[in-house]
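Numbers here simply count residues along the sequence, with the first being 1.
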Amino acid sequence: STFTSRVTVNGSRGVAWERPADWLPVPVPSASDQRFVGLAAVFNNGANFITVRSGVAFKVDWGDGAGWVNYAANTTAEKNLAWSDYSSGTLTSRGYRQALVTVEAQSGNLTSLDLQQRHSSVPRSVATAWLDVAVSLPSGTLTFGGWNVYQSNVERVTIVGVANTSFTAMFQYCSSLQSVPLFNTANGTNFASMFQYCSSLQSVPLFNTTNGTNFASMFDGCYSLQSAPLFNTANGTNFNGMF
């Protein structure tokens with residue numbers, strides 16, 4: 001997309017990633033929270049698409065000063081972030097303003113969060129505006145990476161906890177991804193394409209893959225990968241194209 005071509009990423013081999021100093025801070029939810037917080041880029045071109053979907057009634061604060069907006073279960077909240085809605089004080093050296101977006105359940109548990117839905121005005125896969133996200137879904141499942149929309153501008157993803165058993169394509173096409181912390185994957189059985197086409201990623205922590213059976217294409221297209229820890233693959237049956 002044109003968006004991708006305008007974002008400069010620090011993906012050189014052997015260069016440690018540093019979070020841009022002029023990015024707004026992203027409050028990381030605690031382990032008991034049920035919340036998503038995402039920092040998004042807002043260019044002055046009218047093409048800053050982001051979407052969120054959940055299986056329960058949820059609410060979104062788009063960070064534009066309008067407050068919370070409620071959405072029904074199994075509907076897609078979508079927004080084309082407008083340059084004029086975000087303060088000039090958030091302007092970065094990369095040329096975009098910033099939006100800090102928060103998602104929570106209207107009540108009870110946030111049982112699912114899906115960021116792979118296309119904006120209704122976009123007929124094809126395009127890059128979304130996410131740059132740095134943090135999520136805690138101790139009772140819910142997260143769908144983040146994939147081919148329906150490209151999370152190709154996100155540089156850091158902080159997962160405090162998720163209830164996923166499948167991590168298939170969790171970070172697929174996150175081509176600017178620099179940092180992923182260790183999070184609980186003990187229930188995971190499928191790790192296929194988990195980091196496929198994460199072309200800027202240099203290393204990953206030692207995830208618990210004890211129950212994993214499918215590791216196909218897990219690191220396919222990770223052209224900057226420098227090292228991988230010794231995962232437990234004792235139960236693995238499919239390693240096709242793992243690296």
Report summary line: Taking every heavy atom of P138 against every heavy atom of D33, the minimum-distance pair comes out as CD-O, 3.2 Å
Query - Check: S139 and L110 side chains under 4.5 Å, non-hydrogen atoms - result: no
Query raised in the report: Which atom pair, heavy atoms only, marks the closest approach of S176 to S200?
Result: CA-OG, 3.9 Å
Report task. Ignoring hydrogens and angles, state whether a donor on the side chain of T76 or R53 is under 3.5 Å from an acceptor on the partner side chain. Result -> yes
**Report entry** Derivation and outcome, side-chain contact (heavy atoms from CB on, under 4.5 Å), residues F195 and S217
**Finding:** CA-CA 8 Å; F195 295 99; S217 300; over 6 Å; no
**Report entry** Approximate separation, where rounding is to 0.5 Å, of L113 CG and S136 OG
**Finding:** 11.5 Å
Query raised in the report: Within a strict 4.5 Å, meaning less than it, do heavy atoms of the E78 and Y71 side chains meet?
Result: no
Query raised in the report: So if you build clusters from Ile, Leu, Val, Met, Phe, Trp, Tyr with side-chain heavy-atom gaps below 4.5 Å, do W23 and V26 land together?
Result: yes
Report task. Rounded to the nearest 0.5 Å, what's the gap from CZ on F49 to OG on S120? Could you check? Result -> 9.0 Å
Query raised in the report: Please walk me through it: do N208 and T210 pass side-chain hydrogen bond (donor to acceptor under 3.5 Å, both in side chains)?
Result: CA-CA 6 Å; N208 186 337; T210 302; 2.8 Å; yes
Query raised in the report: Do R35 and V135 touch side chain to side chain, with heavy atoms closer than 4.5 Å?
Result: no
Query raised in the report: So how far is it from Q151 CD to Q172 CD, rounded to the nearest 0.5 Å?
Result: 11.0 Å
Query raised in the report: Taking only residues two or more places apart in sequence or in another chain, which ones pass side-chain hydrogen bond (donor to acceptor under 3.5 Å, both in side chains) with D85?
Result: none
Report task. Indicate whether the side chain of T168 and that of N190 have a donor and an acceptor atom separated by less than 3.5 Å. Result -> yes
Query raised in the report: Any ring-ring contact (aromatic ring centres under 6.0 Å, His included) pairs touching residues 224-243, not counting sequence neighbours?
Result: F215-F239, F219-F243
Query raised in the report: Do any N or O atoms from the side chain of Q117 and from the backbone of T51 form a donor-acceptor pair under 3.5 angstrom?
Result: no
Report summary line: From the list F43, W83, Y86, ring-ring contact (aromatic ring centres under 6.0 Å, His included) partner of Y96 resolves to F43
Query raised in the report: Should L81 and V149 be regarded as members of a common hydrophobic cluster, given that ILVMFWY residues are connected when their side-chain heavy atoms come within less than 4.5 Å of each other, either directly or indirectly?
Result: no
Query raised in the report: Do V37 and L100 have side-chain heavy atoms sitting under 4.5 Å apart?
Result: yes
Report task. Output yes when a side-chain donor or acceptor of N70 lies under 3.5 Å from a complementary backbone atom of K59, and no otherwise. Result -> no
Query raised in the report: Given L177 and E155, is the side-chain contact (heavy atoms from CB on, under 4.5 Å) satisfied, shown in steps?
Result: CA-CA 4 Å; L177 187 65; E155 297 189 28; over 6 Å; no
Query - Shortest non-hydrogen contact between W62 and V101, atoms and distance - result: O-CG2, 3.8 Å
Query raised in the report: With distance as the sole test, does N109 use its side chain to make a donor-acceptor pair with the main-chain N or O of T111 at under 3.5 Å?
Result: no
Query raised in the report: Under a 4.5 Å cut-off applied to non-hydrogen side-chain atoms, are P20 and R94 in contact?
Result: yes
Query raised in the report: Checking T213 side chain against N235 main chain: does a donor-acceptor pair fall under 3.5 Å?
Result: no
Report summary line: Shortest non-hydrogen pair, G55 vs S112, comes out as N-OG, 2.8 Å
**Report entry** Non-hydrogen atoms of S199 and Y223 that approach each other most closely
**Finding:** CB-CD1, 3.8 Å
Report summary line: Those residues at least two apart in sequence (or on a different chain) that pass salt bridge (Lys or Arg N to Asp or Glu O under 4.0 Å) with R118 are none
Requested in this report: Answer whether the closest heavy-atom distance between the side chains of E104 and Q34 falls below 4.5 Å.
Outcome: no
**Report entry** Note, T128 side chain near N153 side chain (heavy atom, < 4.5 Å)
**Finding:** no
Query raised in the report: Are M218 and W147 grouped together when hydrophobic residues (ILVMFWY) are joined by side-chain heavy atoms under 4.5 angstrom apart?
Result: no
Query - Heavy-atom closest contact (T141 atom, N164 atom, distance) - result: CA-OD1, 3.2 Å
**Report entry** Rounded distance (nearest 0.5 Å) linking atom OG1 of T233 with atom CG of N238
**Finding:** 12.0 Å
Report task. Check the side chains of Q116 and N148 for a donor-acceptor pair under 3.5 angstrom, ignoring hydrogens and angles. Result -> no
Report task. May I ask you to decide if the ring planes of Y173 and Y150 are parallel, tilted or perpendicular, using 30° and 60° as cut-offs? Result -> tilted
Query raised in the report: Would you call L115 and L142 a side-chain contact if the rule is heavy atoms closer than 4.5 Å?
Result: yes
Report task. Apply side-chain contact (heavy atoms from CB on, under 4.5 Å) to D132 and Q178, showing your working. Result -> CA-CA 10 Å; D132 184 5; Q178 303 284 328; over 6 Å; no
Query - Contacts of F36 that satisfy ring-ring contact (aromatic ring centres under 6.0 Å, His included) - sequence neighbours left out - result: W130
Report summary line: Apart from V28 itself, its cluster of hydrophobic side chains linked below 4.5 Å comprises V160
Requested in this report: Can you measure from CE (M170) to CD1 (I159) and round to the nearest 0.5 angstrom?
Outcome: 5.0 Å
Query raised in the report: Which value, rounded to the nearest 0.5 Å, describes the distance between I50 atom CD1 and K79 atom NZ?
Result: 8.5 Å
Query raised in the report: Mind checking what makes salt bridge (Lys or Arg N to Asp or Glu O under 4.0 Å) contact with D61, not counting sequence neighbours?
Result: none
Query raised in the report: Can W68 be reached from F58 by stepping across I, L, V, M, F, W or Y side chains whose heavy atoms are under 4.5 Å apart?
Result: no
**Report entry** Audit row: L91, S88, side-chain contact (heavy atoms from CB on, under 4.5 Å) steps and yes/no
**Finding:** CA-CA 5 Å; L91 184 66; S88 60; 5.6 Å; no
